[in-house]
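Below is one structure; the comments refer to it alone.
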Amino acid sequence: MATAGMPMVPTLTDNARADVCIIGAGIAGMTTAYLLAREGTSVVVLDNGPIGGGMTGRTTAHLTNAFDDRYYQAERLHGLKNASLAAESHTAAIGRIEAIVSEEDIDCDFERVNGYLFAAQGDSADVLELELAAAHRAGLPDVYLTERAPLDSFDTGPSLCFPNQAQFHPMKYLAGLARAIKRRAGRIFSGAHVTRIERGASARIETSRGFAVTADAVVVATNTPINNRVAIHTKQAPYRTYAIGARIPCDAVTKALYWDTGDPYHYVRLDTSSRSSDAASGNVLLLVGGEDHKLGQADDGERRYAQLETWARERFPAMQQIEFRWSGVVMEPIDYFAFIGRNPLDHPNVYIVTGDSGEGMMHGTIAGILLTDMIYGRENPWTAIYDPARITAGAALEFAKENLNVTAQFADYLTMGDVTTAEEIIPGEGAVIRAGLTKIAAYRDLQGTLHQRSAVCRHLGCIVAWNSTEKTWDCPCHGARYDAYGKVINGPATGDLSPVNN
Ligand code: FES
């Protein structure tokens, strides 16, 4: 994932000390590190992989205050005051990114564009009227209803326009943040796999290579927290989302952000950056996403990419062949608001960021603003709505639904495997095999060698599932992911899949 301009960062080769240690070099971790460093705090950022190597590198980067779970739903669950605070925080996040881009002179193709929300096929447009009124009540008076989104190739029907949204290139932005952090003496380390956080007034963050960081505060910004064993994982659920990119003539689509009301919803934008534009042909890149499903509970990525392409071609017939496709994982909170703040039941100097929903760029930036205020002991009006310890009474049904779904995954212990014997696994594929009372995650590499690990997730013991599109083992319960050989690549698990017989 080399990005032009991304500074080289070293691995951690000694113990270190900082005011604040941030785990995760995605948008949330890097924004928090930048805003803290800007105020004179010494920061160390640790990441298992490269900067932006997690979900930030997989986003389509819609910068928007068009709340993707809808303001009328937020108001129903949290009340008008809190829905208004959500709107305020999202609007502020776009503004903060714009200010950082300007202040640090970051070349990341940031530009203001309008956003359009329209009814998905089969959905009533009445929901737009509901959302329009709720958006106005939440403090977004500029939102208006228009006859259709500004697309010639596709009549969206009535559409809500959210003016003054934005888009940018997330990796170029992270590269700019990384340079700005380093200029302020912040230290960023990749290849630093955190295995343990020893809490206390002086927290100790241990890594797999034996080096540790001590710090007065810790921010865990790893998409889903690696330091919270249970509590937060009962309040959010992991979903996989898919995206494709194809060239299209630059005059075929009005530059804007587009979303439908489907569940899951489709999201569309143009990438007109110099990297993605082809000046000779006049083509730009059309990015289309959607087709989400619960992580680890479907292995039909090819079908979902095909459905996404069909949906896109019906609406954007000038689209050329697909050049890019990728998928990412979003953590969906049961009550719509992200979890940003003190880690429940932990030492007060340990903070988490998770539950980003489909708005990781916004919640990551909100986290930077909010956590900087919290660490400096400043009041912030958004603290309560994003409090990870909050209990939202109206979300009890969703809580029960998601946790029943997790409980149901434990039935995998009783079922047969995907295949009966390892001989059925072809090179480049994996499958779960029953082995007495437990299960084996077996992967056959392209040379034909079989690699076997326990299929029991190292977080809370669900059985992982093979993802033939990504070539990973995905846990259907709380979002842990492992590479084909069982090496952990995403929390909440921190350890690799166990060797068999252990
Ligand atoms: Fe929780 Fe696997 S992620 S059991």
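Small disclaimer: the values here were computed from a predicted structure and weren't measured. Each ligand, and each atom within it, is numbered from 1 in the order the structure gives.
When non-hydrogen atoms are compared, ligand 1 lies under 4.0 Å from neither the backbone nor the side chain of Ala493. At a heavy-atom cutoff of 4.0 Å, ligand 1 is contacted by the side chain of Cys475 but not by its backbone.
Using a 30° and 60° split on the angle between ring planes, His266 and Trp311 fall in the parallel class, below 30°. Ring orientation note: the planes of Phe168 and Tyr173 are tilted relative to one another, at an angle of 30° to 60°.
Short contacts between ligand 1 and Cys462, defined as distances under 4.0 Å to a heavy atom of the residue, involve ligand atoms 4 (S). For ligand 1, the atoms lying closer than 4.0 Å to a non-hydrogen atom of Leu460 are 1 (Fe), 4 (S). For ligand 1 and Gly461, the ligand atoms under 4.0 Å from any heavy atom of the residue are 4 (S). Of all the atoms in ligand 1, the ones that sit under 4.0 Å from a non-hydrogen atom of Pro492 are 3 (S). For ligand 1, the atoms closer than 4.0 angstrom to any heavy atom of Ala480 are 3 (S).
With respect to Arg58 and Glu470, a salt bridge is recorded, a charged nitrogen being found less than 4.0 Å from a carboxylate O. For the pair Glu302 and Arg304, the salt-bridge criterion is not met [side-chain N within less than 4.0 Å of a carboxylate O]. With respect to Arg240 and Asp474, a salt bridge is recorded, a charged nitrogen being found less than 4.0 Å from a carboxylate O. A salt bridge does not link Asp387 with Arg342: none of the charged nitrogens is closer than 4.0 Å to a carboxylate oxygen.
At a cut-off of 2.8 Å, His478 is not counted among the residues with an N, O or S atom near atom 2 (Fe) of ligand 1. For atom 2 (Fe) of ligand 1, the N/O/S atoms of Cys457 include one lying under 2.8 Å.
Panel note: side chain Thr494, backbone Ile226; no donor-acceptor pair is recorded below 3.5 Å.
Restricting His459 to its N, O or S atoms, the one at the least distance from atom 1 (Fe) of ligand 1 is ND1.
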